[in-house]
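One structure follows; several queries about it will come next.
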Amino acid sequence: MKATSATATAARSRAGGPPSDGPKTTRLRGKDLLGISQLSPEEIVLILDTADAMKEIGARPIKKVPTLRGKTVVNLFFEPSTRTRTSFEIAEKRLSADTLNIASATSSVVKGETLADTALNIMAMAPDLIVLRHAASGAADFLARICRAGIINAGDGAHEHPTQALLDAFTIREHKGGLSRLKVAIVGDLLHSRVLRSNVQLLTKLGADVWVCGPPTMMPPGIERLGVTKTTSIDAAVEGADVIMMLRIQLERMEGAFFPSFREYFAVFGLTPDRVARAQPDVIIMHPGPMNRGVEIASEVADGPYSVILEQVTNGVAVRMAVLYLLAGGIEA
Amino acid sequence: MRRLLKGGRVIDPAQALDGAFDVLIEDGRIAQVARDLPVNGRSDLEVIDVPAGCVVAPGFVDMHVHLREPGFEHKETIATGAAAAVGGGFTAVACMPNTNPINDNATVTKFIIEKAAQANLARVYPIAAVSIESRGEQLSEIGELRAAGCVALSDDGRPVATAQLMRRALEYATMFGMPVIDHCEDRSLAGDGVAHEGYQASLLGLRGIPAAAEEIMVERDVVLAGLTGGAFHVAHMSVRGSLRAVRDGKARGITVTCEVAPHHFILDDERLASPVSYDTNCKMNPPLREAADRDAMLQGLRDGSIDAIATDHAPHHYDEKKVEFDRAPFGIVGLETAVSLCLDRLVRTGFISLKRLVELLSTNPARILGVPGGSLTPGGPADITIIAPHLPVTIDAARFRSRSRNTPFDGWRLMGGVAATIVGGATKFRNPQVAWSTR
């Protein structure tokens with residue numbers, strides 16, 4: 001689908017943000033994107049609007065613009081990641097940035113170097129932006145304090161994954177026109193999920209009615225203070241939902257510790273066609289990937305007509321282009 | 001050698017003293033506390049005029065510090081820790097055994113005492129490990145450790161592993177009158193948590209340590225103290241459920257006492273988010289708890305159910321703290337901030353009296369440990385802390401005597417500080433910010 005200026009305008013007008021046509025902004029305040037928690041509703045809308053334009057570039061035969069020519073972006077990935085790292089790299093290349101990938105297996109980290117020293121050494125080579133993926137919550141905040149370069153958080157522990165939430169919002173907006181008053185059900189491992197934390201903050205900032213659902217053993221204490229409805233009933237969560245967002249179960253460490261078995265998990269929390277039928281007729285089904293088919297989501301649903309899972313991946317590139325563009329511009333200013 | 005402290009307000013709860021008294025010191029001991037002692041007629045008498053507004057108190061005793069030597073001298077040594085103690089107003093400290101090697105045998109105890117004697121600053125009372133290498137399996141040779149100079153037992157850094165071991169330790173220690181100090185934490189509940197389990201940890205994506213992990217162990221140990229008649233002391237208490245268990249135990253006549261660290265009655269877990277997110281100087285175990293727990297600690301300090309303030313002074317090298325939050329070691333330094341924090345947050349605000357503060361910092365910890373001091377009773381050691389409750393103080397970690405600077409209080413402006421620290425009659429610290437006059 002090609003985003004025309006007409007649909008983009010329509011999307012903007014319904015993009016949520018308080019109360020209706022809130023004040024517009026044209027730039028991000030910080031040098032970094034560490035989390036959704038730092039963004040105002042206006043900044044979120046700015047990123048989504050910018051992504052509209054960026055998506056159009058991805059639909060061209062020559063998918064490249066000179067916008068970030070001469071800018072250096074380092075992708076610093078301390079955790080395995082295929083989707084996010086590839087998405088960032090494509091976004092950087094489409095904007096003509098010089099990119100460099102450092103993965104933990106090839107970095108000095110295996111030699112015992114600290115994150116601070118690794119970052120300071122990279123900084124000595126004067127990159128403009130660093131995209132960081134790290135297993136420790138707060139790693140991006142930590143790096144932002146010691147680096148002059150802009151830091152983009154590509155996932156830190158169980159804290160935040162802001163570009164995932166932004167691409168999810170972008171995808172919802174494409175389908176629904178906006179986010180305000182939509183019922184969004186987020187189901188799965190809430191405790192360990194950075195995607196949950198970013199999405200809950202973004203969706204509530206833009207006025208969505210957010211329901212979170214999972215086993216009580218994987219419910220973050222105090223989550224209701226973020227303005228969400230929590231439930232352990234997936235039927236209640238998906239009832240009349242406009243959007244169902246499934247979260248990944250981490251196979252390697254969940255079974256037996258947080259719930260008895262994958263078999264039981266699927267029976268109680270798995271998204272099946274029967275459960276999808278409780279939602280709105282035009283519901284969309286999302287998943288940040290990678291999916292565990294038959295654990296949190298039935299294949300019939302993942303591959304079915306309501307699934308927008310691959311669109312999310314497509315939109316990820318556009319949203320990351322928008323973030324890179326806005327932050328690199330901010331550094332220059 | 002005789003010295004006379006002239007003109008201060010003396011507060012000694014142990015003798016129910018509060019008023020303008022002079023204190024005469026002879027041969028390192030308190031000789032007399034009385035009004036208007038004569039200054040002339042004796043040429044060997046050194047007179048120290050206590051500056052106006054200052055308070056003369058029995059020396060403060062920090063019953064919970066980590067001096068890191070032997071084994072971790074890059075963090076702290078007994079000499080630098082003792083210097084930090086006297087600089088912070090403490091005439092005595094009790095040091096935890098989790099060094100390398102662990103203080104589970106008389107050789108290590110004697111080494112600590114020897115190093116402390118060489119430093120010749122604060123008194124240093126070693127605490128012995130409950131179990132060999134604090135592994136929670138076999139009791140240390142407690143009798144020999146006692147004879148070598150240990151004053152209490154603890155596997156601090158970790159809990160006394162099993163109820164059975166705790167029971168045996170409490171029973172066995174009664175023979176020597178030693179308290180068992182437990183780091184109360186159910187490890188199976190705490191897991192690999194790094195922050196208080198609650199809203200803040202949820203928001204920041206940090207693994208939680210539930211309040212119940214502490215409360216359950218306090219309950220267990222109170223029951224065991226009741227069973228054995230032993231003396232149980234709760235280290236660094238942090239949650240309101242633990243305080244309730246202690247109050248219940250005391251009401252039932254069980255020998256249970258507890259301490260709280262300044263960070264647990266001043267800070268709460270919102271500090272993890274701001275002003276500096278994921279500040280590793282706000283990472284300690286037990287973690288900063290939620291506001292209701294912090295407020296409960298304050299109430300306990302006021303109503304008497306908390307016995308002592310102890311710092312849990314835990315120095316770490318800045319390299320060790322300059323890492324991701326998950327990877328940073330637990331603990332902050334406390335010796336050089338505690339007295340100012342207490343004066344500002346507890347006394348200036350009128351929340352507790354100076355007399356109560358002296359009980360918490362001196363009378364009670366000395367009594368719990370069964371060590372000399374904690375009072376200005378004639379015949380006792382002349383261990384004296386002179387405080388200046390109205391002195392403006394700015395915490396400056398760069399100037400700490402400690403080898404480490406890991407504090408969340410750097411830059412704090414507080415009212416109240418230490419004027420002088422006297423150990424065995426000798427002045428070990430004298431604050432140049434205070435207006436001393438000389439005769």
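To find a chain, count down the sequence lines: A is the first, B the second, and so on, and within it residues start at 1.
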With sequence neighbours left out, which residue pairs that include part of residues 398-410 of chain B fulfil the salt bridge (Lys or Arg N to Asp or Glu O under 4.0 Å) condition? none
Please answer whether the main-chain N or O of A/Ala149 pairs with a side-chain N or O of A/Lys31 as donor and acceptor at a distance below 3.5 Å. yes
Could you name the residues of residues 224-233 of chain A that have a heavy atom within less than 4.5 Å of a heavy atom in chain B? A/Arg225, A/Leu226
Are the side chain of B/Glu76 and the backbone of B/Pro315 linked by a donor-acceptor contact shorter than 3.5 Å? no
Do A/Leu132 and A/Asn153 have side chains that approach each other closer than 4.5 Å (heavy atoms only, starting at C-beta)? no
Looking at A/His134, A/Arg194, A/Glu160, which makes the most heavy-atom pairs under 4.5 Å with chain B? A/His134
What residues of residues 200-211 of chain B make heavy-atom contacts with chain A at a cutoff under 4.5 angstrom? B/Ser202, B/Leu203, B/Leu204, B/Gly205, B/Leu206
Neighbours of chain A found in residues 276-302 of chain B - heavy atoms under 4.5 Å: B/Val276, B/Ser277, B/Tyr278
Within the distance-only criterion (no hydrogens, no angle test), does the side chain of A/Asp117 pair as donor or acceptor with the backbone N or O of A/Glu113 below 3.5 angstrom? no
Between the main-chain N or O of B/Ser402 and the side-chain N or O of B/Glu336, is there a donor-acceptor pair closer than 3.5 Å? yes
Tell me whether A/Glu43 contacts the main-chain N or O of A/Ser40 through its side chain, where contact means a donor paired with an acceptor under 3.5 Å. yes
Verify side-chain hydrogen bond (donor to acceptor under 3.5 Å, both in side chains) between B/Thr80 and B/Thr77, making sure each step is shown before the conclusion. CA-CA 5 Å; B/Thr80 58; B/Thr77 64; 3.1 Å; yes
Keeping the roles fixed (side chain from A/Thr84, backbone from A/Ser81), state whether a donor-acceptor pair exists under 3.5 Å. no
A/Ser193 side chain to A/Val195 main-chain N or O, any donor-acceptor pair under 3.5 Å? yes
For the candidates A/Pro220, A/Ser137, A/Ala158, A/Gly222, which exhibits the highest count of non-hydrogen atom pairs separated by less than 4.5 Å from chain B? A/Ser137
Donor-acceptor under 3.5 Å (A/Gln312 side chain, A/His287 main chain): yes
Let me see the working for B/His313 and B/His64 under side-chain hydrogen bond (donor to acceptor under 3.5 Å, both in side chains), right down to the final yes or no. CA-CA 7 Å; B/His313 179 80; B/His64 191 144; over 6 Å; no
Are any side-chain N or O atoms of A/Asn292 and backbone N or O atoms of A/Ile249, one a donor and one an acceptor, separated by less than 3.5 Å? yes
If we ignore hydrogens and angles and just use 3.5 Å, is the side chain of B/Lys75 paired with the main-chain N or O of B/Glu69 as donor and acceptor? no
